[in-house]
Protein chains: 2
Amino acid sequence: MDTLLRYFDMLCLIPKAPNSISTPELLEKLQSTGYDVDLRTVQRDLIKITSSPLFPISSTEGKKPLRWFWIDNSSPMQFPMMSTDEALTFKLAEIFLEPLLPPSVRSRLSGYFDLADKRLQESKFEHWAEKVGVVPNNLPLLPAEIEPSVLAVVYEALLKNQRFKATYHAVHNSEKTYDINPLGLVFRHNVIYLVATLFEYTDIKQLALHRFKNAELLDRVVKVPEGFALEDYIAEGRFNYPVNDNPEDISLKLKVSPFIKQMLQETPLSSKQQITEIDEDHYLVEVIIDNTRQLHRWLRSLGASVEVLEPADLRAEFAAEISTLSKMYQ
Amino acid sequence: MDTLLRYFDMLCLIPKAPNSISTPELLEKLQSTGYDVDLRTVQRDLIKITSSPLFPISSTEGKKPLRWFWIDNSSPMQFPMMSTDEALTFKLAEIFLEPLLPPSVRSRLSGYFDLADKRLQESKFEHWAEKVGVVPNNLPLLPAEIEPSVLAVVYEALLKNQRFKATYHAVHNSEKTYDINPLGLVFRHNVIYLVATLFEYTDIKQLALHRFKNAELLDRVVKVPEGFALEDYIAEGRFNYPVNDNPEDISLKLKVSPFIKQMLQETPLSSKQQITEIDEDHYLVEVIIDNTRQLHRWLRSLGASVEVLEPADLRAEFAAEISTLSKMYQ
DNA sequence: AATATGCCGTCAGTATTTGTCGCATAAATA
DNA sequence: TATTTATGCGACAAATACTGACGGCATATT
């Protein structure tokens, strides 16, 4: 039994393809976990494991301390097996994430999606794909592709708190190479921004990840500017280019069409939203809600199905914009 | 070595908690996989496996053919281990899916999210959560909660092609119990709809999943109406309540502000989009695109930052709506 | 060139695994 | 209710495997 557990621990200790572990390293880790074994045993175990097609594990050829790794592109094996429920949910998640995440980010999960596919392809479940659909609410803009190698470096830099060096191509600028002190990632629309400082400067920059090239990890630790917190930085509205006017709650009153009323019944704006009938074709929606740019976008997107009644200044804002639009289209 | 593989196969054959497998069943499956073993061996193996805290596997007490299962609520163990990249991506996916999927759907993946948490909580990666943020583009409407037991039955019914029975509470109706012939799931806004026929009728209904109660699987096979295909059903516009006028491509010309221009450079409407400068404050965007409801929503949401120049009928449509709005707000 | 390290074949002792048998108990059947 | 069948489990001996020790050889390291 002890040997079985040792095999499990060994399988855990062996990393995925780009990384690797040498036989002596493995021995050391196993011994520190409490397995009192000989190097020869570890060597034999590795040979046994790799000789089974079940475990796509391989080692470097030649080079003296052999290094072991899981061959990439294989989907993970797991216990207990992925249930059909989970598999279905993975496929749904895949559909949802497709227009949101850049391919190089999404592909990090492809092993799991493949596993889900396999699970659903068993005999009877074949036609599941024809049984699920999504009607998108928003216009799918194409997510900007990020170079996979760049993404890998940025991930690693953020996780390990290290700086990196990369070439950046700003929209109206030529390429430049920076020494980057990464502070955080922010997803906005379909773009991923790196929040960072450059070189030894202290001003905080937003850099779109898809504009990077040739990233390379440096051996210098990240220095966080005094008082910096990503959450606050976002809350300050640094990413809502046209900054929010009033980030505080407002008491919103809307006159809406029956269709919008039904939609808000299904998916309310907030748990305390109230809806009352005005007449057959109009309903009054009352809700306390954060006065964000997203709210404005949403209200505008509904066009003539919604009339903002209160607060007065929001109504005035809409009236002003509509009069601008009137002039544009007349 | 053969025994190690047998253990792996056994671990795969044992299902998760609500399900279970009896010792003789296990024996049979192992033998059909090619393991020539005795029942006694299987029994002994099971005892060994369950006596290790590594494998949260348990069996029924008493009842004679013992049934084995993985104890629930445990996150799966997997080989190779989840990489930090994957873990980070899982956390991002979690953030993205949170406003999109109802809790009961999302919770199906919680084991994986937990696994990702564990992976990221190792020593040095502690502060990753403070390094990732999302600035939502859309107003987060609250996804309607679906009863977990209902979801389980619906999933199973769809996968196994079986009917089910459930109580449905339509908005302006009292509760009724239907015999449901499920055809597919459609996600729209934040609501999941079941497309189905009822009893022996042939007209196709859309039923919001969160309005179901007390679902129960029936032992009758699903009958798909002649010529029905979910994809076509959606394409026909059955879910765009105000049906799309022209589902065909149009040649769109927009006059946009510098801000929108920059946004479209980052995340284009299509790969063939063209942008040219009109003057310092205005750019011309030309693109061939599907004339969908989502496009209209998007155009409206941008307010006065965008002027539709062509096609003429779309411009006319916007002009008409704006004049309606003008009257509303005057 | 000398030394150290790691891989691998072999061997014998030890530990583990396995089938068999017997008994006890729980379901199934007459 | 009695009888049969199926399952779980302890014990035991034979078969199997696992393990550490040793040594030869190839490849790094100094």
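Closest to the side chain of R6(B), from the set dT18(C), dG19(C), dG6(C), is dT18(C).
To the nearest angstrom, C1' of dT17(C) lies 15 Å from CG of L5(B). L27(A) has its CG atom 13 Å from the C1' atom of dG20(D), to the nearest Å. Summarising the geometry, the separation between CG on D45(B) and P on dT7(D) is reported as 17 Å, rounded to the nearest angstrom. Whole-Å rounding puts the L46(A) CG to dT19(D) C1' distance at 15 Å. Per the geometry, CD belonging to E61(B) stands 10 Å off P belonging to dC9(D), to the nearest Å. Atom CH2 of W68(B) and atom P of dG8(D) are 8 Å apart (whole Å). Per the geometry, CD1 belonging to I47(B) stands 16 Å off C1' belonging to dT16(C), to the nearest Å. Spacing between atom CG of L4(A) and atom P of dC18(D) amounts to 11 Å, rounded to whole angstrom units.
Of the candidates E175(B), R211(B), K176(B), Y168(B) forms a side-chain hydrogen bond (donor to acceptor under 3.5 Å, both in side chains) with just one, namely R211(B). The salt bridge (Lys or Arg N to Asp or Glu O under 4.0 Å) test with E86(B) is passed by exactly one of R108(A), R106(A), K16(A): K16(A).
If you find the closest nucleotide of DNA chain D to D38(A) and to R67(B), the one lying nearer the 5' end belongs to R67(B). A residue-by-residue look at L39(A) and T41(B) shows that L39(A) has its nearest nucleotide of DNA chain C further toward the 5' end.
Within the structure, a side-chain polar atom (N or O) of K48(A) is placed less than 4.0 Å from OP1 or OP2 of dC18(D). The side chain of Q43(A) contributes no N or O atom lying less than 4.0 Å from OP1 or OP2 of dC8(C). Look at T23(A) and you'll find a side-chain N or O under 4.0 angstrom from OP1 or OP2 of dC7(C).
Annotation: side-chain contact (heavy atoms from CB on, under 4.5 Å) contacts of P24(B) (sequence neighbours excluded): S22(B).
Sparse packing is recorded around NZ of K165(A), with 12 or fewer heavy atoms of other residues, nucleotides or ligands lying under 6.0 Å away. More than 12 heavy-atom neighbours from other residues, nucleotides or ligands sit within 6.0 angstrom of CD on Q31(A). Within a 6.0 Å sphere centred on CD of E28(B), heavy atoms belonging to other residues, nucleotides or ligands number 12 at most.
Fit an axis to the five pairs at each end of the helix from dA1(C)-dT30(D) to dA30(C)-dT1(D) and the two axes sit 40° apart, to the nearest 10 degrees.
At a cut-off of 3.5 Å, with distance as the only test, a side-chain donor of K48(A) or Y7(A) sits close to an acceptor on the other residue.
Side-chain to base pairing of R44(A) with dG20(D): one donor and one acceptor N or O lie within less than 3.5 Å of each other. Counting atom types as modelled, R40(B) pairs a side-chain N or O with a base atom of dG10(D) as donor and acceptor under 3.5 Å.
Among the atoms of the strands shown, only primed sugar atoms or phosphate atoms (P, OP1, OP2) are found under 4.0 Å from some heavy atom of L66(A).
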